[in-house]
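Bear in mind the structure is a predicted one, so any value in this text is a computation, not a measurement. Residue numbers start from 1 in every chain, and the chains themselves are labelled A, B, ... in the order their sequence lines are given, proteins ahead of strands.
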There are 2 protein chains.
Amino acid sequence: MLTISQVSEQTGLTPYTIRYYEKIGVLHEPKRSNGGARVYKESEVSYIQCLNKLKKLGLSLEEITEFTREGCVMDKIQQGENPSNYNPTLKKRIEILEKHLMGLESRRQEIDYMISLAEEKLTLYQELTKEDIVNSR
Amino acid sequence: MLTISQVSEQTGLTPYTIRYYEKIGVLHEPKRSNGGARVYKESEVSYIQCLNKLKKLGLSLEEITEFTREGCVMDKIQQGENPSNYNPTLKKRIEILEKHLMGLESRRQEIDYMISLAEEKLTLYQELTKEDIVNSR
DNA sequence: TTACAAGTTAGAGTCAACTAGAAGTCAAGA
DNA sequence: TCTTGACTTCTAGTTGACTCTAACTTGTAA
C-alpha cells in the first residue's frame with residue numbers, strides 16, 4: 001500500500017496532478033487511511049504508467065478516460081465476473097476500440113513519414129559537412 | 001498568390017490561428033498587398049499542412065518551430081546558396097535533428113506498443129462475444 | 001460615392017491541463 | 001504535550017493554444 005507521494009515518485013506525476021486526475025475522473029478514487037489519506041495499490045502505479053504512455057501519444061485526458069474505461073470491463077472479466085453482464089455494450093466498445101486502433105495506426109504512419117523526412121534531411125546535412133570538409137582544405 | 005481565407009480553406013486552420021502562428025513565430029511573416037493584407041505563396045499551404053501533421057503527432061508549437069527551422073537552411077541550400085555559410089552551425093543542427101529523430105522513433109515504439117495492447121484487447125473482446133453467443137443459446 | 005465583404009491590429013476571453021498557496025487535520029517521535 | 005512532516009480540501013493562478021471582439025482600413029461592384 002502506497003501514499004500519494006510514493007505514487008508520485010514512482011510515476012513522475014506530482015501529488016497535485018494525481019489529485020487533479022482523480023477529480024476529473026481519469027483515476028478512480030482510491031481507498032483512504034483512517035486519517036483520510038489516499039492509499040494506493042501497486043496496480044495503480046502501472047495503471048498511471050500506462051496512462052502516461054497514452055498521454056505521450058498525444059491523447060487528451062478525455063480520450064484516455066474513454067480508452068482506459070475499456071480496461072475496467074476487462075478487469076472485471078478477468079476477476080471472474082460473468083461476461084454476459086457486459087454483452088449489450090460490447091459491440092459499441094469494440095467499435096470504440098477499433099476506432100482507437102485506426103487512430104493509432106494512422107499516427108504511426110504519420111510518424112513513419114516524419115521519420116523518413118528527418119532521415120532525408122539528416123543525410124543531406126551529413127553529405128553537406130563532408131563536402132564542407134573537402135572544400136575547406 | 002493566396003489570401004488568408006484561401007489558405008484557411010485549404011489548410012483547415014482559421015485565419016485567427018494563422019495570424020496567431022505568425023505572431024508566435026511558427027509561421028514566418030508573409031508578403032503584403034498594397035493595402036496591407038497578407039499574401040501567401042502556394043508553398044506556404046504545404047508548409048502548413050506539414051505543420052498540421054507534426055501537430056497531430058503531439059509535438060508542441062515550440063517543438064514544431066524548432067523542427068521546421070531545420071527546413072529553412074535546407075531551403076536556402078536548395079536555392080543554390082553556398083552551404084559553407086552555414087558551416088559553423090551545421091553540427092549543432094545535425095544534433096538537433098538527430099534528437100528529433102530519436103524522439104520520433106521512441107514515439108513510434110510507444111505507438112507500436114499501444115497498438116499491440118489495443119489489438120490484444122480487441123481479440124479478447126471478440127472472443128468474448130463469440131462465447132456470449134454460445135452462452136446465450 | 002456608397003455599401004459591403006474581407007482584410008487589419010490590439011487585446012481580451014476560453015479551454016485543457018496543470019500548479020501552487022492557504023488553512024486545516026492527523027500520526028509519530030522528542 | 002508539542003512539533004514536525006505529510007497529508008487533506010478548496011480555490012486561485014499559470015501556460016499553451018487558440019478564438020473572438022472592437023474598431024478600423026481597403027478593394028470592388030452597383
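- B:Tyr16 places its OH atom 15 Å from the P atom of C:dG13, with the value rounded to the nearest Å.
- Here the P atom of nucleotide D:dT19 and the CG atom of B:Leu13 are 9 Å apart, to the nearest Å.
- Here the side chain of B:Thr3 is nearest to one of C:dG7, C:dT19, C:dT8, namely C:dG7.
- Counting only heavy atoms from C-beta on, A:Arg19 has its side chain closest to D:dT8 among D:dT8, C:dG7, C:dC18.
- Here the side chain of A:Asn34 is nearest to one of D:dA6, C:dA27, D:dC18, namely C:dA27.
- What separates CZ of A:Arg32 from C1' of C:dT25 is a distance of 13 Å, to the nearest Å.
- Between the P atom of D:dT19 and the CD1 atom of B:Ile24 lies a distance of 13 Å, rounded to the nearest Å.
- Side-chain atoms of A:Thr17 lie closest to C:dT19 of the nucleotides C:dT19, D:dT19, D:dC7.
- Toward the 5′ end of DNA chain C lies the nearest nucleotide of B:Pro15, the other residue of the pair B:Lys23 and B:Pro15 mapping further downstream.
- Contact annotation for B:Ser33: no contact, since no heavy-atom pair falls under 4.0 Å across all strands.
- Toward the 5' end of DNA chain D, the nearer of the two residues A:Ala37 and B:Gly36, judged by each one's closest nucleotide, is A:Ala37.
- Taking only side-chain atoms of B:Ser60, from C-beta outward, the nucleotide of C:dC18, D:dT9, D:dA17 with the closest atom is D:dA17.
- Rounded to whole Å, the distance from OH on A:Tyr20 to P on D:dT15 is 16 Å.
- You'll find that the side chain of B:Ile4 is closest to C:dT8, out of D:dA17, D:dG27, C:dT8.
- One interatomic measurement links the two molecules: CG of B:Asn52 to P of D:dA17, which rounds to 14 Å at whole-angstrom precision.
- Atom CD of B:Glu22 is separated from atom P of C:dA10 by 11 Å (rounded to the nearest Å).
- A salt bridge is defined here as a Lys NZ or Arg NE, NH1 or NH2 lying under 4.0 Å from an Asp or Glu carboxylate O, and A:Arg38 with A:Glu22 meets this definition.
- Rounded to whole Å, the distance from CD1 on B:Ile18 to P on C:dA6 is 15 Å.
- The aromatic ring centroids of B:Tyr47 and B:His28 lie less than 6.0 Å from each other.
- Judged by distance alone, with hydrogens and angles left aside, the side-chain atoms of A:Thr11 form no donor-acceptor pair with the main-chain N or O of A:Gln49 at under 3.5 Å.
- A donor atom on one side chain and an acceptor atom on the other are found under 3.5 Å apart for B:Thr17 and B:Thr14.
- Between D:dC7 and A:Arg38, no contact under 4.0 Å exists linking OP1 or OP2 to a side-chain N or O.
- A:Lys41 places none of its side-chain heavy atoms less than 4.5 Å from the side chain of A:Pro30.
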